[in-house]
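What follows is a single structure, written as structure tokens, with notes after it.
Remember, it's a predicted structure, so these values are computed and weren't measured experimentally. All chains are named by letter (A, B, ...) in the order of the sequence lines, taking the proteins before the strands, and each is independently numbered beginning at 1.
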Amino acid sequence: MSDHPIVGGYLLPGLPHPLLAADQNAGWGRLRRAFEQVREDIRQSGADLILMYSTMWPSVIGHQIQADPEPVWTHVDELFHDLGAIPYHFKMDSDFAEQFHLACKNRGLATRTVSYKGFPIDTGSVVCLKLTNPDNFLPAVICSSNVYADRAETVVLGKAAVEALKQSGKKAVAVVVGTLSNRLHQTWIDPAEDHIHSLKDQEWNQKILAFLEAGRLEDVAQLSRQIHAEARVHKVVNFKSFWWLSAVMGAHNLYQGTVYGYEPVYGTGSAVIGLKRAAHAAQDLEFDEESPDVYRGDRNVLAPSLEARGEFDSQLQVGPALGEED
Amino acid sequence: MTKGSIVAGVLAPHPPHLVYAENPEQNEPRAECGWETLRWGYERLRKSLEQIEYDSMVVLSPHWQTYVGTHFLGVPSFKSLSVDPIFPNLFRFHYELTVDVPLAETMEAHAREAGLVTKMMRNPDFRVDYGTIVSCHLTRPEWDKPIVSISSHRATQYFSADVMQGHMLKLGRATREAIEASGKRVVLLASNSLSHRHFTSESEVPEDMSREHIYHHGQYLWDMKMIELMRQGRAREIVELIPDFTEQAVAETDSGALTWMLSALDFPEYPAEVHGYGTVIGTGNAIVEWPQARHGGAA
Ligand SMILES: [Fe+2]
């Protein structure tokens with residue numbers, strides 16, 4: 001049994017539709033049920049808190065950490081305001097927020113805690129907490145995403161979180177709030193007609209899902225710059241979520257991945273994904289390696305898709321299957 | 001009905017630091033001083049606007065960011081607390097404002113007819129963005145004029161600054177036509193900084209002016225270039241340069257606010273009045289007025 005303080009990791013999408021309009025589109029409804037499965041998972045996890053990194057909370061002065069013990073507000077999304085208001089009353093682990101902040105400071109990061117009545121918690125964090133932790137079963141801590149931060153800063157941020165957890169003796173589930181492809185439709189759509197914005201976004205999303213389903217978190221982290229270039233609208237300098245997640249969970253591929261749901265939400269690739277530590281990696285190779293011993297050329301990481309991978313030796317599982325002991 | 005007109009257009013940036021340093025009763029934090037050259041610039045703007053009669057202010061704010069279409073505030077009044085998500089230590093402002101909903105609706109209709117994707121914002125629990133609040137407060141702290149706030153459609157991020165320009169030129173024309181049809185006298189506010197690279201750390205005393213300067217000399221050169229064109233009445237050239245300026249100076253003109261306003265003013269050829277320039281946490285900010293009515297160019 002691992003003594004790592006992170007007992008599970010999740011990627012959760014932050015658009016408000018599964019919370020406010022689940023009945024308007026079958027996929028949005030399925031995502032809501034996927035969130036509910038994660039809710040159960042988190043309850044069973046033995047975690048003491050939910051540690052969130054929200055790509056929908058941009059910051060400029062380093063990273064900000066939500067430390068208000070009981071934030072209360074009625075939130076309205078700036079884009080999808082017609083879906084309605086979201087009243088919330090959350091519980092934050094302010095002590096841990098302070099510890100996290102100190103650990104960041106000791107590692108040279110500019111961070112600060114924020115605890116102000118009426119602070120605008122971002123739509124993504126609000127939606128994910130409402131759906132996975134509606135009764136405040138666990139306290140949470142939310143961390144912003146600095147618009148200027150790149151890989152180094154984001155990785156150190158993740159390491160600081162682990163250090164703070166170890167010092168506190170607490171266990172946590174790590175949650176990234178964000179989508180895969182993030183391109184929204186550019187016109188108003190009939191909810192029933194929702195689809196992933198483009199075929200290219202769809203292919204990239206499927207590729208990422210295939211990796212994560214095989215537990216290859218570090219491989220996805222290594223692909224982040226390419227994902228940013230190919231499947232992300234450039235609102236910030238890079239696609240950082242998986243750098244942070246791999247830094248907090250452990251930078252390797254020893255995970256068991258579960259895709260609870262993957263659906264278009266207003267054109268974006270919105271996936272509910274869970275990762276747990278596994279005994280064996282799906283594949284102990286770098287994402288573009290055939291074999292660490294014999295060079296047979298670089299692998300084209302864009303092909304094949306999950307369904308087709310049986311035809312490609314390079315992506316056949318080597319070693320025992322996930323969860324099996326040898 | 002008499003034809004409405006734009007009586008002035010203002011580049012009215014929204015660093016919350018300026019409100020913080022003024023210590024208005026609506027803002028919770030207290031400051032000793034800070035960013036005086038910019039605050040005196042706003043003071044000169046206010047004096048200048050006192051000479052003009054107008055009914056409403058229309059502001060396009062980079063901090064109401066909409067990735068689907070252009071949105072218009074459509075609720076008659078708002079009263080709430082605005083906490084800046086980036087600088088919550090400086091800006092926690094209790095606001096109470098009224099919206100010129102008929103004007104907003106006219107603008108939305110004109111923009112839609114021009115082929116733009118639009119939406120009226122009708123949710124009474126909506127929190128008005130801090131860019132709108134800061135620019136309006138500094139321009140008219142009495143809060144006695146109704147406002148219209150227009151969102152920033154993020155075409156620069158989704159496509160390119162050129163696509164944004166095409167969109168904002170259309171929105172500007174539609175705004176002008178809507179104002180003419182409304183019969184009202186209106187002041188336009190483009191709520192954006194110029195160069196927009198921030199420092200990512202803050203001094204212990206945020207108003208410690210020994211720490212305040214431009215982030216990078218290249219940003220300053222770009223800011224001065226744009227301001228010089230404003231002073232020379234070369235609005236069309238400014239608009240042509242905005243894509244390069246946006247990219248090279250990380251300028252907040254990515255929001256489209258300045259392009260929108262210059263298009264609504266129909267690219268004035270008279271010199272604009274520069275009331276002030278200064279930096280805020282490394283970004284370049286200018287308060288600039290195009291006194292349209294005084295130049296007989298009221299649209
Ligand atoms: Fe801004």
Side chain, backbone, both or neither: which part of B/H71 has a heavy atom under 4.5 Å from chain A?
side chain

Interchain contact, B/F87 with chain A, by part (heavy-atom threshold 4.5 Å):
both

Between A/R225 and A/D150, is there a salt bridge with N-O shorter than 4.0 Å?
yes

Should the pair A/K159-A/E163 be classified as a salt bridge under the 4.0 Å nitrogen-to-oxygen rule?
no

Could you look at A/D122 and say if it's the side chain, the backbone, both or neither that has a heavy atom under 4.5 Å from chain B?
neither

Between A/H81 and chain B, which part of the residue has a heavy atom less than 4.5 Å away: side chain, backbone, both or neither?
both

Pick from A/F119, A/W188, A/W57: which one has the most heavy-atom pairs with chain B under 4.5 Å?
A/W188

side-chain hydrogen bond (donor to acceptor under 3.5 Å, both in side chains) with A/H101: of A/T111, A/T113, A/N106, only one passes, and it is A/T111

Heavy-atom pairs under 4.5 Å with chain A: which of B/Q65, B/R197, B/R92, B/R127 has the most?
B/R127

Would you call B/D254 and B/R154 a salt bridge, using N to O less than 4.0 angstrom?
yes

Give, as side chain, backbone, both or neither, the part of B/E28 having an atom under 4.5 angstrom from any heavy atom of chain A.
neither

Is it the case that the side chain of B/H198 and the backbone of A/I61 share a donor-acceptor pair, with hydrogens and angles ignored and the cut-off at 3.5 Å?
no

Relative to chain A, which of B/R122, B/H153, B/M120, B/E202 shows the most heavy atom pairs under 4.5 Å?
B/E202

Going by distance alone, is a donor N or O of one side chain under 3.5 Å from an acceptor N or O of the other, for B/D129 and B/S61?
yes

Validation row, ring centre A/Y266 to ring centre B/Y67 under 6.0 Å
no

Side chain, backbone, both or neither of A/V114 within contact of chain B (heavy atoms, under 4.5 Å)
side chain

Answer yes or no: is there a side-chain heavy-atom contact under 4.5 Å between B/W64 and B/T132?
no

Highest number of heavy-atom pairs under 4.5 Å with chain A among B/I281, B/T66, B/V83 belongs to B/V83

Using a cut-off of under 4.5 Å on heavy-atom pairs, state which of A/H75, A/K117, A/R183, A/Q64 scores highest against chain B.
A/R183

B/N23 backbone acceptor or donor facing B/R30 side chain under 3.5 Å
yes

Measure B/T156 against the heavy atoms of chain A and call it side chain, backbone, both or neither at under 4.5 Å.
neither

Is chain A contacted by the side chain of B/H63, its backbone, both, or neither, given a heavy-atom distance below 4.5 Å?
backbone

